[in-house]
Number of protein chains: 2
Amino acid sequence: MAAGQGSASGTDGQDTPAPDVAHALAAADARCARAGAQLTELRRQVLGLVLESDQPLGAYALLDKLKALRPGAAPPTVYRALDFLLEQGLIHKVERLNAFVGCVEAGHDHAHGHDHHHPHQFLICRDCGTTVEISDHAVAHALEAAAQRVGFTAIQATVEIEGRCATCSAAA
Amino acid sequence: MAAGQGSASGTDGQDTPAPDVAHALAAADARCARAGAQLTELRRQVLGLVLESDQPLGAYALLDKLKALRPGAAPPTVYRALDFLLEQGLIHKVERLNAFVGCVEAGHDHAHGHDHHHPHQFLICRDCGTTVEISDHAVAHALEAAAQRVGFTAIQATVEIEGRCATCSAAA
DNA sequence: GCCCGCATCGTTATACTGTAACACACATCG
DNA sequence: CGATGTGTGTTACAGTATAACGATGCGGGC
Ligand SMILES: [Zn+2]
Ligand SMILES: [Zn+2]
Ligand SMILES: [Zn+2]
Ligand SMILES: [Zn+2]
């Protein structure tokens with residue numbers, strides 16, 4: 001059942017056998033089952049495409065890739081799948097890039113048994129575009145404290161730090 | 001000289017004599033002069049419109065308002081002005097809303113003699129939409145520390161906290 | 001004065017991002 | 001069987017942002 005994407009390795013010209021992607025998909029499946037949500041084939045395909053990419057993917061870039069698997073795909077096709085995956089906490093949106101990335105914690109079955117939406121932050125390199133997700137508790141606490149200081153009840157925070165990654169810093 | 005916008009108070013049906021807006025515009029003028037940048041009439045008009053609003057304004061909402069002052073205005077007209085104002089640190093963009101707000105620190109001539117781009121965070125109320133800018137040092141330090149912990153050099157951070165403002169919390 | 005380069009702005013067209021609305025297939029339940 | 005709910009296909013559109021080219025105006029070198 002998990003098979004079916006045998007074409008993935010040859011489709012984009014890159015060898016992406018994606019062993020960890022398969023693992024992440026299985027974890028996503030389990031997680032959705034627990035939440036009473038259906039990870040349909042379409043949603044799994046979109047999630048797979050997001051996970052296969054090492055960079056954030058825009059909705060339309062995703063749509064182009066999806067069309068290879070699903071010729072009739074249109075914007076709502078991908079946006080609806082993205083909405084579902086966002087709600088399940090399987091992916092995040094990078095607001096500065098209008099793009100989507102897989103949640104690094106989604107693979108950890110254990111961790112938070114609760115539904116979703118863990119605090120997270122992004123580090124976006126201006127030179128190479130690499131975007132990494134971190135989950136820094138000190139940052140989360142500082143945000144919560146800053147909000148409470150003015151009587152604000154924080155529910156969710158978008159934190160996206162732009163700068164230079166270690167690799168690009170070393171190159172300069 | 002500050003006159004010329006006598007129509008402002010009657011244009012949108014609200015009485016917005018905007019005494020502090022005039023002050024902020026004067027401060028912006030001084031600041032641009034110091035930076036060797038030209039706060040032209042167009043840019044001052046756009047800045048004025050942003051400052052007059054107590055809520056974040058989208059580029060096209062801004063364009064609509066600008067058309068009253070400048071009938072030929074088109075998208076590039078407002079986007080170019082916004083780019084300038086962003087570079088000068090006179091306004092900020094709220095990424096989650098695709099909207100722009102005046103910088104609360106822009107009025108403070110004193111403060112940072114340096115050019116621009118102070119660390120800041122937004123508190124966005126989900127109920128009433130009110131968006132408040134704060135500049136919390138603890139948050140800024142936590143972000144810097146989190147970045148350095150993974151060898152990342154932070155240059156600028158987007159921090160937008162969604163939740164419920166004090167007023168809306170009390171109402172519930 | 002004249003030419004040139006630069007910054008600003010006007011204008012048109014287009015690209016990119018995201019949704020509304022309606023139809024159909026299917027599953028579940030009374 | 002009809003009703004309801006979810007997921008998807010399909011068309012059209014709304015909202016956000018930029019590319020490209022031209023015109024103007026101003027300052028500096030010749
Ligand atoms: Zn995550
Ligand atoms: Zn880099
Ligand atoms: Zn500010
Ligand atoms: Zn509120």
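Here is how names work: the chains are called A, B, and so on, in the same order as the sequence lines, proteins then strands, and each is numbered from 1.
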Distance in angstrom units between Tyr79(A) OH and dA20(C) P, rounded:
13 Å

As a test of understanding, state which of Gln121(A), His120(A), His92(A) forms a side chain to side chain donor-acceptor pair (under 3.5 Å) with Glu133(A).
His92(A)

Nucleotide range of DNA chain D lying under 4.0 Å from chain A heavy atoms
dT6(D) to dT11(D)

Does any part of the side chain of Ile161(A), heavy atoms only, come nearer than 4.5 Å to the side chain of Gln156(B), both counted from C-beta?
no

Any side-chain heavy atom of Leu39(B) within less than 4.5 Å of one from Phe84(B)?
yes

So does Glu95(B) get a backbone contact from the side chain of Glu160(B), meaning a donor-acceptor N/O pair under 3.5 Å?
yes

Determine yes or no for a side-chain-to-main-chain donor-acceptor pair under 3.5 angstrom, with Arg43(A) supplying the side chain and Gln38(A) the backbone.
yes

Say you draw a straight line from OH of Tyr79(A) to OH of Tyr60(A); how long is it, rounded to the nearest 0.5 Å?
5.0 Å

Got a second to check how far Leu66(A)'s CG is from Leu42(A)'s CG, nearest 0.5 Å?
6.5 Å

Under the 4.5 Å side-chain heavy-atom rule for ILVMFWY, direct or indirect, which residues accompany Ile155(A)?
none

Listed pairs under 3.5 Å, donor-acceptor, residues 164-172 of chain A side chains, sequence neighbours left out:
unit_1: Arg164(A); atom_1: NE; unit_2: Asp127(A); atom_2: OD1; d: 3.3
unit_1: Arg164(A); atom_1: NE; unit_2: Asp127(A); atom_2: OD2; d: 3.1
unit_1: Arg164(A); atom_1: NH2; unit_2: Asp127(A); atom_2: OD1; d: 3.4
unit_1: Ser169(A); atom_1: OG; unit_2: Cys165(A); atom_2: O; d: 3.1
unit_1: Ser169(A); atom_1: OG; unit_2: Thr153(B); atom_2: OG1; d: 3.4

Just to verify, what does Asp64(A) make a salt bridge (Lys or Arg N to Asp or Glu O under 4.0 Å) with, not counting sequence neighbours?
none

Listed pairs, N/O of protein and of nucleotides 23-26 of chain C, under 3.5 Å:
none

If the sugar-phosphate is the primed atoms plus P, OP1 and OP2 and the base is the rest, what is the B/S/- string for nucleotides 7-14 of chain C, using protein heavy atoms under 4.0 Å?
SSBBBB--

